[in-house]
K.L.:
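Take this structure, written in structure tokens, and hold onto it; I'll ask about it next.
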Amino acid sequence: MASAYATCGHEKGLCCILGTGSNISFFDGEDIHAGKHGLGFILGDEGAGTWFGRALITDFLYGLMPEDIHTLFNNTYQLTKEEVIKNVYQKPAPNSYRHRSRVF
């Protein structure tokens, strides 16, 4: 309710929250009506760090990044497809992926 009042006052409107999770609701000036949103961090969570990270890594591994960015990313992290798959599917806590001395 606080975010709805802060966003809309007592007027009708949409209240959206983006960050490590996303949420949207319709506020009719008095009550909040839930929207159709959010499937959690694995199936949805558009706009979260995991969503952007997944997009970044898949573009890198599929060779979809612009060449200059791909080269910079590769020179910095030196990731292999095998290493990423092992960290995501075989090691515990894939949401706190560890690569050498860096935590993603």
Side-chain angles (χ1 to χ4, degrees):
M1 286 299 285
S3 61
Y5 282 124
T7 304
C8 305
H10 292 282
E11 302 292 321
K12 293 179 182 179
L14 297 174
C15 182
C16 305
I17 300 171
L18 295 174
T20 55
S22 58
N23 195 331
I24 184 169
S25 298
F26 174 70
F27 181 63
D28 66 11
E30 293 182 19
D31 296 310
I32 295 174
H33 303 273
K36 292 182 175 26
H37 57 79
L39 297 173
F41 82 96
I42 293 174
L43 298 177
D45 214 9
E46 296 81 358
T50 53
W51 185 82
F52 284 111
R54 184 176 59 241
L56 180 73
I57 294 296
T58 56
D59 279 4
F60 173 74
L61 294 175
Y62 283 133
L64 299 174
M65 285 182 169
E67 189 173 333
D68 58 332
I69 296 173
H70 186 277
T71 299
L72 180 62
F73 191 87
N74 188 50
N75 290 344
T76 302
Y77 299 107
Q78 301 171 357
L79 294 175
T80 65
K81 179 180 176 182
E82 293 75 21
E83 181 181 11
V84 171
I85 288 174
K86 183 176 182 177
N87 274 281
V88 171
Y89 292 108
Q90 295 174 356
K91 291 187 177 180
N95 61 326
S96 61
Y97 184 109
R98 249 189 213 285
H99 175 69
R100 296 180 183 83
S101 63
R102 294 189 171 109
V103 176
F104 292 93

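Numbers here are sequence positions counted from 1.
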K.L.:
For Ile32, which fellow cluster members are found when Ile, Leu, Val, Met, Phe, Trp and Tyr are connected by side-chain heavy-atom distances below 4.5 angstrom, either directly or through intermediates?
P.N.:
Met1, Tyr5, Phe27
K.L.:
Flag yes if Leu72 and Val84 sit in one hydrophobic cluster, no otherwise; membership is Ile, Leu, Val, Met, Phe, Trp, Tyr, and two members link when side-chain heavy atoms are under 4.5 Å apart.
P.N.:
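No.
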K.L.:
Restricting to non-hydrogen atoms, name the atom on Ala4 and the atom on Cys15 that form the minimum distance, rounded to 0.1 Å.
P.N.:
N-SG, 3.8 Å
K.L.:
Does atom CD (Gln90) have a neighbourhood of more than 12 heavy atoms from anything else shown, all under 6.0 Å?
P.N.:
yes
K.L.:
Linking directly or through intermediates, with side-chain heavy atoms under 4.5 Å: list the remaining ILVMFWY members grouped with Tyr62, chain and number order.
P.N.:
Leu64
K.L.:
So which atom in Ala34 and which in Ser25 form the shortest heavy-atom distance, rounded to 0.1 Å?
P.N.:
CA-OG, 4.3 Å
K.L.:
Contact between Leu56 and Met65 at the side-chain level, heavy atoms closer than 4.5 Å - yes or no?
P.N.:
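In short, these two side chains touch, coming nearer than 4.5 Å.
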K.L.:
Looking at Thr58 and Ala55, would you say the former's side chain and the latter's main chain have a donor-acceptor pair under 3.5 Å?
P.N.:
yes
K.L.:
Going by side-chain hydrogen bond (donor to acceptor under 3.5 Å, both in side chains), name the residues that satisfy it together with His33, two or more places apart in sequence or in a different chain.
P.N.:
Asp28
K.L.:
For Asp59, enumerate each residue passing the side-chain hydrogen bond (donor to acceptor under 3.5 Å, both in side chains) test, keeping only those at least two apart in sequence or located in another chain.
P.N.:
none
K.L.:
Are any non-hydrogen side-chain atoms of Ile57 and Leu79 less than 4.5 angstrom apart?
P.N.:
yes
K.L.:
Under the ring pair (Phe, Tyr, Trp, His ring centres under 6.0 Å) rule, collect the residues that match up with Phe60, sequence neighbours excluded.
P.N.:
His70, Phe73
